[in-house]
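Read the structure below first, then the notes.
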Amino acid sequence: MSCSDTTVLETSPAISEDRSMAITLSDSVVLADELNARIRESDRIDIVVSFIKQSGLNLLMDALREFSRNGTLRVITTAYMGATEYAALADLFDLQNTEVRMELDADRSRLHAKCFMFMTDDGRETAYVGSANISQTALTSGEEWVVKLRGEDVPEVLDDLHRGYSSLWDSTDVRRVTKNDRARIEAALESRGM
């Protein structure tokens with residue numbers, strides 16, 4: 001087969017091939033770059049992470065601001081260990097077409113899931129499931145293991161993730177939060193930080 005008969009997939013060293021795969025530090029893939037690329041091509045995004053730090057959100061905010069003009073973003077997070085930063089939540093609250101829900105119960109923390117799901121109106125889906133929260137270290141240089149799952153490769157798995165996300169979104173363990181809930185959010189973060 002000649003070179004002219006072969007299609008070569010060109011990828012940035014920071015972006016993975018368009019296939020289901022594991023992303024670890026042994027790869028040249030930077031998770032923040034991967035997520036930003038998906039944000040820019042999506043129409044809907046669902047995220048669940050244990051915590052959100054400003055340092056990590058800053059890596060995604062430009063793409064999220066652009067995305068939120070027309071796309072829909074849903075985020076679920078927690079007050080787990082007091083690690084979420086209110087300033088990061090405030091940035092999310094300012095985005096258009098965005099809803100944030102949070103597990104605030106200071107006496108328990110069952111939510112430890114980490115998943116980023118990206119969907120397009122033409123039916124393409126990609127999910128990233130693993131150990132990464134939204135922090136600079138997790139999205140750039142931390143020893144995080146994340147599996148990239150394309151809907152066309154494993155549609156049943158994406159269906160399972162959607163069901164799990166919907167169940168959590170609708171559960172009484174998480175509630176919608178806005179800037180009006182700042183005092184309650186900060187109290188929950190402070191009590192978890194002890």
**Item:** Least distance between heavy atoms, Val146 atom then Ala132 atom
**Value:** CG2-CB, 4.0 Å
**Request:** May I ask you to test the Asp46-Met119 pair for a side-chain heavy-atom distance under 4.5 Å?
**Result:** yes
**Message:** Under a 3.5 Å cutoff, is there a donor and acceptor pairing between the side chains of Ser135 and Asn133?
**Reply:** no
**Request:** Determine whether Arg182 and Phe93 make a side-chain contact, defined as any pair of heavy atoms from C-beta on separated by less than 4.5 Å.
**Result:** no
**Message:** Using the rule given for side-chain contact (heavy atoms from CB on, under 4.5 Å), can you reason through Glu66 versus Arg40, listing the C-alpha separation, both sets of side-chain angles and the distance that settles it, and then say yes or no?
**Reply:** CA-CA 8 Å; Glu66 180 69 28; Arg40 288 186 176 96; over 6 Å; no
**Message:** For the backbone of Ala63 and the side chain of Asn36, can you confirm whether one donor and one acceptor N or O come within less than 3.5 Å of each other?
**Reply:** no
**Request:** State whether Arg65 and Asp94 are salt-bridged, where the test is any N-O pair (Lys NZ or Arg NE/NH1/NH2 against Asp/Glu carboxylate O) under 4.0 Å.
**Result:** no
**Request:** Write down the atom of Ala79, the atom of Leu189, and the distance for their closest heavy-atom approach.
**Result:** CA-CD2, 3.7 Å
**Message:** If I take atom CG from residue Leu73 and atom CG from residue Asp43, how far apart are they, to the nearest 0.5 angstrom?
**Reply:** 13.0 Å
**Request:** Quick one: pull up CD in Glu125 and NE2 in His162 and give me the separation to the nearest 0.5 Å.
**Result:** 3.5 Å
**Asked** From Thr126 OG1 over to Glu41 CD, what is the distance, rounded to the nearest 0.5 angstrom?
**Response** 6.5 Å
**Item:** Member of Thr78, Ile47, Asp91, Leu92 meeting the side chain to side chain contact (heavy atoms under 4.5 Å, CB included) criterion with Ile52
**Value:** Leu92
**Fill in**
Heavy-atom nearest pair, Met61 first then Leu95, reads CE-CD2, 3.8 Å
**Prompt:** Looking at Ser50 and Thr84, what are the two nearest heavy atoms and their distance?
**Reply:** O-OG1, 3.8 Å
**Request:** With Leu57 as reference, evaluate Leu139, Leu89, Leu64 under the side chain to side chain contact (heavy atoms under 4.5 Å, CB included) test and give the passing residue.
**Result:** Leu64
**Prompt:** Taking all atoms of both residues into account, what is the closest heavy-atom pair of Cys115 and Val129, and its distance?
**Reply:** SG-CG2, 3.7 Å
**Prompt:** Should Lys53 and Glu85 count as an ion pair when the cut-off is N to O under 4.0 Å?
**Reply:** yes
**Item:** Side chain proximity check, Phe67 to Asn97, heavy atoms < 4.5 angstrom
**Value:** no
**Asked** Does Val48 reach the side chain of Tyr165, with side-chain heavy atoms less than 4.5 Å apart?
**Response** yes
**Prompt:** From Leu31 CG over to Ser141 OG, what is the distance, rounded to the nearest 0.5 angstrom?
**Reply:** 11.5 Å
**Prompt:** Hey, does the side chain of Asp153 reach the backbone of Arg19 with a donor-acceptor pair shorter than 3.5 angstrom?
**Reply:** no
**Item:** Within-4.5 Å side-chain heavy-atom neighbours: Pro155 and Leu158
**Value:** no
**Request:** Side-chain contact test, heavy atoms from C-beta onward, threshold under 4.5 Å: evaluate it for Arg184 versus Leu104 and give yes or no.
**Result:** yes
**Prompt:** Is any side-chain N of the basic residue among Arg38 and Asp18 closer than 4.0 Å to the acidic one's carboxylate O?
**Reply:** yes
**Prompt:** Is there side-chain contact between Val174 and Trp169, with at least one heavy-atom pair below 4.5 Å?
**Reply:** no
**Message:** Could you check whether any side-chain heavy atom of Arg175 comes within less than 4.5 Å of a side-chain heavy atom of Asp181, counting everything from C-beta outward?
**Reply:** yes
**Prompt:** Side-chain heavy atoms under 4.5 angstrom apart, residues restricted to Ile, Leu, Val, Met, Phe, Trp, Tyr: same cluster for Tyr128 and Phe51?
**Reply:** no
**Request:** Find the distance between OH (Tyr80) and CD (Glu103) and round it off to the nearest 0.5 Å.
**Result:** 11.0 Å
**Heavy-atom closest contact (Ser20 atom, Arg150 atom, distance)** = OG-N, 3.0 Å
**Message:** Using only atom types and a distance under 3.5 Å, with no angle test, would you say the side chain of Ser167 pairs donor to acceptor with the backbone of Arg163?
**Reply:** no
**Asked** When rounded to the nearest 0.5 angstrom, what is the spacing between OG in Ser171 and CG in Leu111?
**Response** 8.5 Å
**Prompt:** Ignoring hydrogens and geometry, is there a side-chain-to-backbone donor-acceptor pair from Thr24 to Trp145 under 3.5 Å?
**Reply:** no
